[in-house]
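Below is one structure, written out as structure tokens; comments come after it.
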Amino acid sequence: MLEIRDLHKHLGGKHVLRGVNLTVPTGEALVIIGGSGCGKSVLLKHILGLFKPDSGQVLVDGEDTVPLPERELFRVRKRFGMLFQGGALFDSMTVADNVSFALDEHSKLPASEKLAIVQKKLAVVGLKGVEKVYPADLSGGMKKRVALARAIAADPDFLLYDEPTTGLDPIMSDVINELIVKLKTTLNVTTIVVTHDMASARKIADKMAMLHEGTIRIHATPDELYASDDDVVKRFINGLASVEQMKEVWGEEAEKRMAK
Amino acid sequence: MTSAIPGVTALINIFRTAGGVFLLALETLRAAVGRWPRRRVLVDQFYLIGYRSTPVVLTTGLFTGMVLAVQSFNQFRRVNITSMVGAVVGVSMVKELGPVLSGLMLAGRVGAAITAEIGTMHVTEQVDALRALATNPVRWLVLPRVLAAVLMTPILTLMADVVGIAGGTFICVGFLKVEWHFHYINMLDWLRVWDVSVGCAKSSVFGLLIALTSAYKGLNTEPGAAGVGKAATEAVVTSCILILISDFFLSVFFNAIKPEWAN
Ligand SMILES: Nc1ncnc2c1ncn2[C@@H]1O[C@H](COP(=O)(O)OP(=O)(O)OP(=O)(O)O)[C@@H](O)[C@H]1O
Ligand SMILES: [Mg+2]
């Protein structure tokens with residue numbers, strides 16, 4: 001179980017997280033949505049201890065990881081897999097070495113077995129024959145999928161995905177959605193997904209949460225969220241600009257455009 | 001407030017960097033006591049920092065030795081002791097010019113490369129990815145570079161010493177018609193094992209300073225391509241200044257502990 005309690009964080013003089021509270025029971029998938037730059041990636045990094053909050057708690061199966069020193073955190077992080085928004089592949093290593101990184105570092109498996117795992121994980125994200133390629137020679141979508149394979153390579157208990165389907169074609173996106181659901185249901189992985197893709201949110205989510213101005217605006221099942229009459233939530237789901245934003249773009253004509 | 005006086009800001013920055021470098025040194029030491037990085041990572045760094053630096057260091061050594069010979073010959077001819085030029089070249093190369101000039105060249109070549117690589121990794125979240133994969137970036141990134149720099153810098157310096165002395169000899173004997181026999185005798189008479197060892201010890205320290213400073217600057221790079229460039233420049237400048245400052249103190253220190261047999 002993952003619990004986030006009253007998390008606060010200032011970054012670059014901005015109060016990014018202003019008291020975030022969330023609970024994700026074991027084996028459940030939470031989808032986090034929210035405007036660009038509202039702090040979703042920062043929130044994920046807090047769960048792994050990559051950022052130290054100004055105040056608040058992050059509980060991993062009941063253990064508060066915030067006060068732990070970096071060396072203790074390594075123990076906790078071995079149970080996590082994280083897909084970074086930009087992939088964050090090691091560009092001095094081949095695809096195969098990237099995917100098997102956690103296995104090479106933390107397991108004593110023989111090389112042949114590790115290779116088999118690497119090939120299997122690459123196959124589930126739809127990649128074959130790229131083992132010896134360096135990340136610089138991959139397309140954006142391929143990088144994302146290699147990063148996903150790296151995140152799931154060591155069969156973690158918790159998986160954090162930062163925009164797993166951004167930059168993928170619709171079919172590949174659906175494959176990745178199914179993979180996330182399969183990992184959750186078959187391996188009972190506790191999952192948090194940040195996404196802007198409402199179709200994939202629908203598919204993956206047991207619960208959804210919207211991060212807005214540094215706090216959780218709504219935390220509910222997808223059906224409840226879609227039925228919400230909160231204006232902020234409604235506009236986000238339907239992808240509609242606010243009156244102020246329309247005025248920025250259209251100036252005087254804003255009213256006319258919105259009437260349409 | 002202090003930013004109105006560039007000198008003061010620069011000085012404060014150097015002290016701040018020195019503090020950060022010191023803390024990183026402690027962390028590296030702690031990492032070295034634990035599990036070491038994979039052999040392949042180490043070999044890569046020895047190749048990049050050591051082997052790939054030889055052309056630069058050899059060129060530096062050769063021309064330093066030759067120009068030293070030309071300049072001291074002109075001075076020594078007035079007092080008719082041109083047979084001493086070889087000794088001057090040898091002693092200056094081994095004690096000061098070899099270690100310091102090699103150190104400065106390596107600060108440019110190796111320091112900038114370390115900062116640019118680690119800085120890019122930091123900016124593209126690869127350092128965070130290391131941590132997320134439960135791996136200590138200091139053990140994985142800093143330790144191999146520090147080891148390679150500490151062990152390879154003295155070897156490169158020795159090579160610079162040798163080609164510098166060879167170049168000086170070539171100029172003296174080949175062009176300036178110094179008698180080979182006296183040139184050789186005087187040089188051997190003045191070169192000391194102690195001085196060579198001190199030169200190596202100093203260059204090890206320079207290697208350590210270069211690797212730590214550059215790694216520190218890389219790990220603290222500001223976002224963006226401009227941030228990486230800025231960090232690399234700062235790493236080179238700071239490494240060079242630290243080399244020159246520490247050279248002074250190391251020289252004083254080694255003179256103070258110089259044993260009887262070395263005289
Ligand atoms: N290392 C950092 N230093 C300073 N500010 C940061 C840092 N990382 C993030 N921020 C700031 O925190 C805020 C939230 O960033 P974050 O990356 O979490 O947004 P996001 O919700 O993931 O956006 P997107 O949907 O575009 O990925 C932004 O204003 C960003 O400028
Ligand atoms: Mg983000």
Side-chain angles (χ1 to χ4, degrees), chain A residues 11-12 41-42 44-52 68-94 97-108 111 135-136 143 146-148 150-154 156 158-162, chain B residues 23-24 26-45 47-49 52 113-114 116-145 148 215 218-225 227-228:
Chain A
L11 274 172
S41 300
V42 167
L44 286 192
K45 287 183 188 171
H46 275 87
I47 297 173
L48 269 180
L50 298 176
F51 277 124
K52 283 269 178 231
L68 296 181
E70 184 83 6
R71 292 208 281 173
E72 292 275 319
L73 278 170
F74 289 139
R75 168 176 58 78
V76 180
R77 289 183 192 142
K78 281 181 195 169
R79 302 183 59 201
F80 279 84
M82 166 132 180
L83 169 65
F84 284 83
Q85 188 169 356
L89 293 175
F90 304 125
D91 38 36
S92 61
M93 292 182 211
T94 62
D97 287 341
N98 264 285
V99 176
S100 71
F101 190 91
L103 302 172
D104 290 336
E105 282 289 288
H106 308 304
S107 82
K108 295 214 158 49
K143 277 183 201 159
V146 174
L148 182 57
R150 182 176 71 182
I152 63 177
F158 305 93
L159 270 165
L160 313 177
Y161 306 86
D162 201 344
Chain B
L23 292 181
L24 184 61
L26 292 184
E27 258 184 84
T28 311
L29 202 62
R30 201 185 301 154
V33 179
R35 191 158 63 101
W36 276 32
R38 297 176 215 164
R39 172 143 17 110
R40 215 186 60 211
V41 179
L42 288 173
V43 171
D44 275 357
Q45 290 308 319
Y47 172 77
L48 286 173
I49 292 178
R52 294 286 295 276
I114 291 178
E117 188 180 8
I118 298 184
T120 306
M121 289 187 70
H122 175 73
V123 171
T124 55
E125 297 189 316
Q126 293 176 55
V127 175
D128 275 344
L130 275 176
R131 295 167 67 207
L133 288 159
T135 299
N136 181 357
V138 173
R139 175 176 77 83
W140 185 261
L141 295 176
V142 183
L143 182 58
R145 286 164 177 79
L219 289 172
N220 291 283
T221 301
E222 289 159 27
V228 176

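So that the names make sense, note that chain A is the first sequence line, chain B the second, and so on, each numbered from 1.
- For L89(A), the part lying near chain B is the backbone, with the side chain staying farther off; criterion is any non-hydrogen pair under 4.5 Å.
- Using a 4.5 Å cut-off between heavy atoms, R75(A) makes no contact with chain B at all.
- For the atom pair CZ of R40(B) and CG of D97(A), the computed distance is 5.0 Å after rounding to the nearest 0.5 Å.
- Side-chain contact between M121(B) and F90(A) is present, with at least one heavy-atom pair separated by less than 4.5 Å.
- Other residues, nucleotides and ligands contribute at most 12 non-hydrogen atoms within 6.0 Å of the CZ atom of R52(B).
- Nearest heavy-atom pair, A88(A) versus A129(B), reported as atom, atom and distance to 0.1 Å: O-CB, 3.7 Å.
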Sequence neighbours excluded and cut-off under 3.5 Å, please list the side-chain donor-acceptor pairs for residues 131-141 of chain B, or say none.
from    : atom 1 : to      : atom 2 : distance (Å)
R131(B) : NE     : E70(A)  : OE2    : 2.9
R131(B) : NH1    : L50(A)  : O      : 3.4
R131(B) : NH1    : D128(B) : OD1    : 3.2
R131(B) : NH2    : E70(A)  : OE1    : 3.2
T135(B) : OG1    : E105(A) : OE1    : 3.4
T135(B) : OG1    : L133(B) : O      : 3.3
N136(B) : OD1    : V138(B) : N      : 2.9
R139(B) : NH2    : E105(A) : OE1    : 2.4

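- Using a 4.5 Å cut-off between heavy atoms, N98(A) does not touch chain B at all.
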